[in-house]
Structure formats: structure tokens, C-alpha cells
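Notes to accompany the following structure.
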2 protein chains.
Amino acid sequence: MTTSRPVTLADVARQAGVSLATASRALNGSARVVRPDLAERVCAAAAELGYVPDPVAQSLARKSSNLVGLIVHDIADPFFSSIAAGAMRVADEMDMVLTLGATGRDPRREIALVTTMKLQRARALVLVGSRLTDDPEAEQRLATELEAFAANGGRVCSVRQPGLPGDVLQPDNRGGARELAAALAGLGHRHVAVIAGPEGVATSEDRLAGFREGLAAAGVDPGSIRVHRGRFDRDGGYAAGAELAADLSPTTCVFALSDVMAMGAVAALRERGVSVPDDVSVAGFDDIPTLRDTVPALSTVRIPLESIGERAARMALENPAPEEPRHVVIPAEVVLRASTAPPRAG
Amino acid sequence: MTTSRPVTLADVARQAGVSLATASRALNGSARVVRPDLAERVCAAAAELGYVPDPVAQSLARKSSNLVGLIVHDIADPFFSSIAAGAMRVADEMDMVLTLGATGRDPRREIALVTTMKLQRARALVLVGSRLTDDPEAEQRLATELEAFAANGGRVCSVRQPGLPGDVLQPDNRGGARELAAALAGLGHRHVAVIAGPEGVATSEDRLAGFREGLAAAGVDPGSIRVHRGRFDRDGGYAAGAELAADLSPTTCVFALSDVMAMGAVAALRERGVSVPDDVSVAGFDDIPTLRDTVPALSTVRIPLESIGERAARMALENPAPEEPRHVVIPAEVVLRASTAPPRAG
DNA sequence: TTGTAAGCGTTATCAA
DNA sequence: TTGATAACGCTTACAA
């Protein structure tokens, strides 16, 4: 057996005795219709020769590839990897190739990744991750780059605060935090500390704002809320937890603005002899899968991560494109588990 | 401002007053050398016009793209997402675009993904995940498809048991398990249960074999080892943990063949009133990041996941390709934490 | 060293 | 409806 050159469309056309154009139309859909018997001959030839279209050549000719870009901050973070799993499933299902980009939370990197996907002629882009309210310039440049992407025929769905071109899938950060506040106040907590991300991270700010609203509605003095800020990841939570442990009173409850921060915070508290929930209650946000099995199981606000990834990919890939960009709010649900309890009497 | 057509190499060549060939050689490296002053003119023109090469056209002409494929079983699993994070970093660094494929542990899907990446003319492929010893036919077809990939100029690095074409990065599953066995025996355990993946999953089999060796070397009766099998994920661990809890005695120690299985097992045990490590010790394998912060912190065998991902990507992307395929064994290190303790007296 | 021109494998335009 | 033929944007023999 000779080293066989890959079968091209020209081979198929020759074998079927039709032109290149007809072969192309018959095999890879087109508006044009070909006579059934010809189409049949072409398909038979293609099958016989084992023809497989070359995606690169198609991309060049069509000015559009079968790539879908997924851009996240950090794929090792369960929040993002869960969403990625959902998006993957849809990409597979639609015979698209998923590309993955990690920004490391750097807005410039994020923009560069969009540019890359534009050059690759990606058909769609799913952008996951918080807006930065304190860097409007970067946000503007991102929007511009996304416009350029869309101008090339690409579709965009961002899992994020509204404001970018394209569809938006927005977890109800504010509402979820509000309800969590109500639940915690209902348990009797009046002195809570919040472990937040850096100022300017919109997701963190939204959750904080919602939490404040919820506490206020429950009649808790807003002045009693202590806010500790740190990086929006496990280590940021750990650092804040350490600070808190050093000076806990009168705090009876800690709300970490993400589950991974909560995980770090609980570790820090525990290492310093503060018991959860006996000494202090802790709640998080996101409901990442791994924290359901821990002790104590983490109270949190559940957002359906995999299904968000799935839905975002589906919106970005859906045909035909909607007339207007869509804005969907994903409800969040409070899940009280063992890490929260009524404050200790006295 | 008019809707500007993207700048092509032809534009640059015209502007610089040289041929297309010279422009190409000056901008995108080539063996050929161009006279310095011409090169200078071309670069200036490119900069002035804001020329960016079209990766799709380059891929078609070069028969090789700037895509690196990463194939894993499940991106939501921290084992794989940690490796992915490492691979991402290297891809970024080398200006490659990373594509992600998830097999769902289906060998056919795995083969299909390799085919896809071959058609995309990916430059390299990083394949992560256990070999299936009980499906030699699938393994053979995978090998064939990888050969085809390599024949197209693609490079392969698999994080896996040896046997596939290309470089191999193999965590020392057997040795790590052996040492863990020694450590557990050293604590005094004589009746251990193993929670294993399905028969035929090589990683699981290797760890089991190493563990048996280690126990035997420590003088523990091999017949005393109970093996519970289940899916090689959290739910499989949970199911096995539930079985174990129902009939624990005389087991004093459980070794789950992966951390995620251990996590499920601990949850099941706990729900049934079995305390870890008071009633039974539990150890896992992998050292996924999230389980360092749990209570009790999980004893495990550490393999450096991110760095494995990094190294695999680097091997696959390294220039020039090595003469011979490389086989690197990554040492594994026993980490004893709070989930293991000496067996309770009596 | 530079330029001409022939690919790379498809799609799309336009005339028949 | 079908078929030449010109893109698509770049690389690379081969010739000058």
C-alpha cells in the first residue's frame, strides 16, 4: 500500500464525473440545489474514496472556521472548569472544535485572546468572567475587539455583567446574595464579615451589594458589616480568613463572595482554632461540586455552572442568530448546609 | 473611516516595493535570507499598515497550524483541569492556540478527537488519561490514528502508560502506591480495603498492583485486601464507600485509587456514621488542590499535576523534535495528612 | 538574493 | 441546474 495522498474534493468530482463546484454543493451544503441523481453520484464517489473535507481549506474559503473559543480566567478553578465542561458538551454535539484561553485575570490578555480568535475566524466566542468596573478603558477596548470579532461574522455570548456586544448570560449574583443575607439573618446573625474580591471586580461588587441589601431589609445595621478584601481566589480567602481569626469578635458569620474564597477562609480559620460553624458560620457562593462533600458542607448560593456553560455555548452557536442580543438572568438559589448555624448564645 | 479590508501580505509587498515572496520571507521566517535593507523596508511597511498574518491561510499553505490539541477525559475533574492549566500556560507562552477535547472516557471518542486534530493540522497533541487494558482493539486503533497524526507532521505526548507513538510522560503510579502501602503498613494497618476503578483501567490497575507489592513487602497478607470496584470518579468512590460502611470490620484503612474517589468514599462513610480517621483511615492518590483544605486533610500520593501538563506541552512543542520518542517517569510522593492515623487499638 | 508562479483545498461568482 | 474560473492569503519551488 502506497502512502496515499489525502483525498480531495477534486478527486471526488473526477470520480463522479462532475465539476468541482457541483461536488462541493452536493457534499457540503449550499443554497444551490443539485439534481438528485448527480448528488447521489457525488456522495457515492465520496464514500468510495473516503473523502473528508479539509477544515482548514474550508475556513479559508468560507472565511469562517469550525472553532468556538472559550475564554476563562483560570481553567484550574472549579468555577470555570465546570462551565467549560458544559460548553464542551455542546461544542462536541455541534461538531465544533473548542479552543480554550486563560486570561489569568489580565484584561489585556483577555483582549489578546479575542483578537486571536478573530484571526482564527472562530464562529463563536464564550467569554466567562467578571467585568472590571475600575478599568473602563480596558472594558472599552474589549468591547471594541468584540465588535470587530462580530463584524467578521462571529457570535459572542458572555457569562458576565451586561455591557458587552452579543448575548449575555448573567447569574443573579445580586439577588442570590440578597436571599442568602435574608437566610443568614433569619438564623439570627447580626454581626457578619464579608470576604470580598478586589474592588472593581464586578461579580464581587454585585454580590456584596446584594448582601448589603438583604441584610438591610432584615433590619441589620449596615455599619456592622466588616469587609475584608483580597484576591478573588483560594489564597485571597485564606489571607482574609487569617485576618478574621486574629480578631473575630463580635462576628458570628462570614460570607465569602465565592466558594473557593470560602474554602481558603475556612482553612485559615480552622488552622487558628476557630471552629466552623461552632465559633463562626461560613457561607460561600457558586456551589462548586467539590465543596458539597466537605465537612462541614458549605452553605452557599447555587448557580448551575455546567448548565450555564452549556447554555452559553448554545446561544453563541444557535442558528439563526437572534435579531437582538439576548440578556438572560440565571436565577441563583440559596443552599443552607452544615457550615452555617444560629449564632452561639451569649 | 471606511470599513477597512484587512491588510494582506500583498498590500505590504506593494507598499514596500518588493515581491510577495520577499515580503513573506522577511516577515514570517524562512530558510531563505533577505537583504537587510529590504527586510527593513518590508517590516516598516508591515508596521505602518498594521499587517497581521492570517493564521488560516498560513495553515493551508504550510500544512500545519498553530493549534495544540489537549485531550482529556473530563475537564471538570480537578485532575485534568490542573494538568490543563499547566498545558495552557505553555501554549500561551509559545503563541499556540490550545484546543480542548473531552472523551468522556469513551475510547472511540478519543480516537475521533485525534482524527479531528489531524484534520485541523494541529502541530502537537497532548493526550491525558489512562490506557484501557481490556480493549486492545481500541488501543490499537488509537495508536494507528496517532501514527497518522504524526505522519502529517504532528507531535504527540501522552500522559499515560507507555505504548503509544510519541513521547510519554508517566506518573509513577506503581511506585507511589507501593510507598503509600509501606507508609500505611508502617502506621500499623493490616486490614485494608481498596476502592478501585473498573478492571481494565490501567492507571487503576497500576496503583493497585503497586499497593499490593508494598503491602506484601511489609508482610501484610495479600489475601486480607478487599477490593471494591466502581466508576473511576467521585460517584464510583461514593458507591464503594457506602458498601464498605455497611460491612467495615475488620478494615482499618481504605485506599481509594484517586482523590476524587476518596472524596466520594469519605462522604459516604461519614453519612453512615463512620468517622475518618477515628473509625477508619482513608488515603487517595493525585493530590488535587481542593483536598488539601478539607477536614480531615486527605493523605495521598502527590503527583505534580500542573507541572505535568506544562512538561507534556513543552515536550510536544519542543524544537527540534527528538530523535527518539522519550519516556519520562514522574516521581510520586507520599503525603500523609490527617485522614490517616494508626488503627484504633482493640 | 529576488521574483514569478504554482500550489494548498474549498467556496463562490457568473456565464452558459 | 451546472461548470469554468477566480478568489481566499500565504508559502515555496524554480527560474532569473
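Letters go in sequence order (proteins before strands), and every chain restarts at 1.
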Counting just side-chain N and O atoms, does [X] come under 4.0 Å of either OP1 or OP2 of [N]?
X: N28(B); N: dT11(D); value: yes
X: R35(A); N: dT1(D); value: no
X: S24(B); N: dT11(D); value: yes
X: Q58(A); N: dG9(C); value: no
X: T22(A); N: dT2(D); value: no

Original post:
In whole Å, what is the span from the NZ atom of K63(A) to the P atom of dG9(D)?
Top reply: 4 Å
**OP:** Can you tell me the distance, in whole Å, between the CZ atom of R121(A) and the P atom of dC8(D)?
**Re:** 10 Å
**OP:** Examine the base of dG9(C) for any acceptor or donor lying under 3.5 Å from a partner atom in the side chain of R62(A), and report the outcome as yes or no.
**Re:**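 In this structure, the two groups form no donor-acceptor pair.
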**OP:** State whether the side chain of R123(A) and the backbone N or O of S65(A) hold a donor-acceptor pair below 3.5 Å, judged by distance alone.
**Re:**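 Yes; at least one donor-acceptor contact below 3.5 Å.
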Does the distance from a Lys or Arg side-chain N to an Asp or Glu carboxylate O, for [X] and [Y], drop under 4.0 Å?
X: R326(A); Y: E318(A); value: yes
X: R41(B); Y: E48(B); value: no
X: E145(B); Y: R141(B); value: no

**OP:** With the side chain counted from C-beta on, respond yes when R160(A) and S130(A) share a heavy-atom pair under 4.5 Å apart, and no when they do not.
**Re:**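 No - every pair of side-chain heavy atoms lies 4.5 Å or more apart.
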Subject >> P304(B) vs I330(B) side-chain heavy atoms within contact, under 4.5 Å >> reply: yes
**OP:** Just call it for V12(B): base, sugar-phosphate, or nothing, with non-hydrogen atoms closer than 4.0 Å on any strand.
**Re:** nothing
Subject >> Sugar-phosphate, base or nothing in reach of P6(B), heavy atoms under 4.0 Å >> reply: nothing
Original post:
Given T103(B), which of R108(B), H73(B), E110(B) fulfils the side chain to side chain donor-acceptor pair (under 3.5 Å) condition?
Top reply: H73(B)
Original post:
Where the side chain of R25(B) is defined as all heavy atoms beyond and including C-beta, which of dG9(D), dG3(C), dC8(D) is the nearest nucleotide?
Top reply: dG3(C)
**OP:** Evaluate the salt bridge (charged side-chain N to carboxylate O under 4.0 Å, His left out) criterion for residues R89(A) and D92(A): first the C-alpha distance (whole Å), next the side-chain angles of each, then the deciding distance (0.1 Å), finally the verdict.
**Re:** CA-CA 5 Å; R89(A) 201 162 27 237; D92(A) 262 19; over 6 Å; no
**OP:** Under 4.0 Å from any atom of DNA chain D, heavy atoms only: list the residues of residues 14-21 of chain A that qualify, in numerical order.
**Re:** V18(A), S19(A), A21(A)
**OP:** With axes from five pairs an end, tell me the bend angle of the helix from dT1(C)-dA16(D) to dA16(C)-dT1(D), nearest 10°.
**Re:**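 Comparing the axis at each end, I get an angle of 40°.
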**OP:** Determine the minimum heavy-atom distance between Y51(A) and N28(A), stating which atoms define it.
**Re:**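 For Y51(A) versus N28(A), the nearest heavy atoms are OH-ND2, 4.1 Å.
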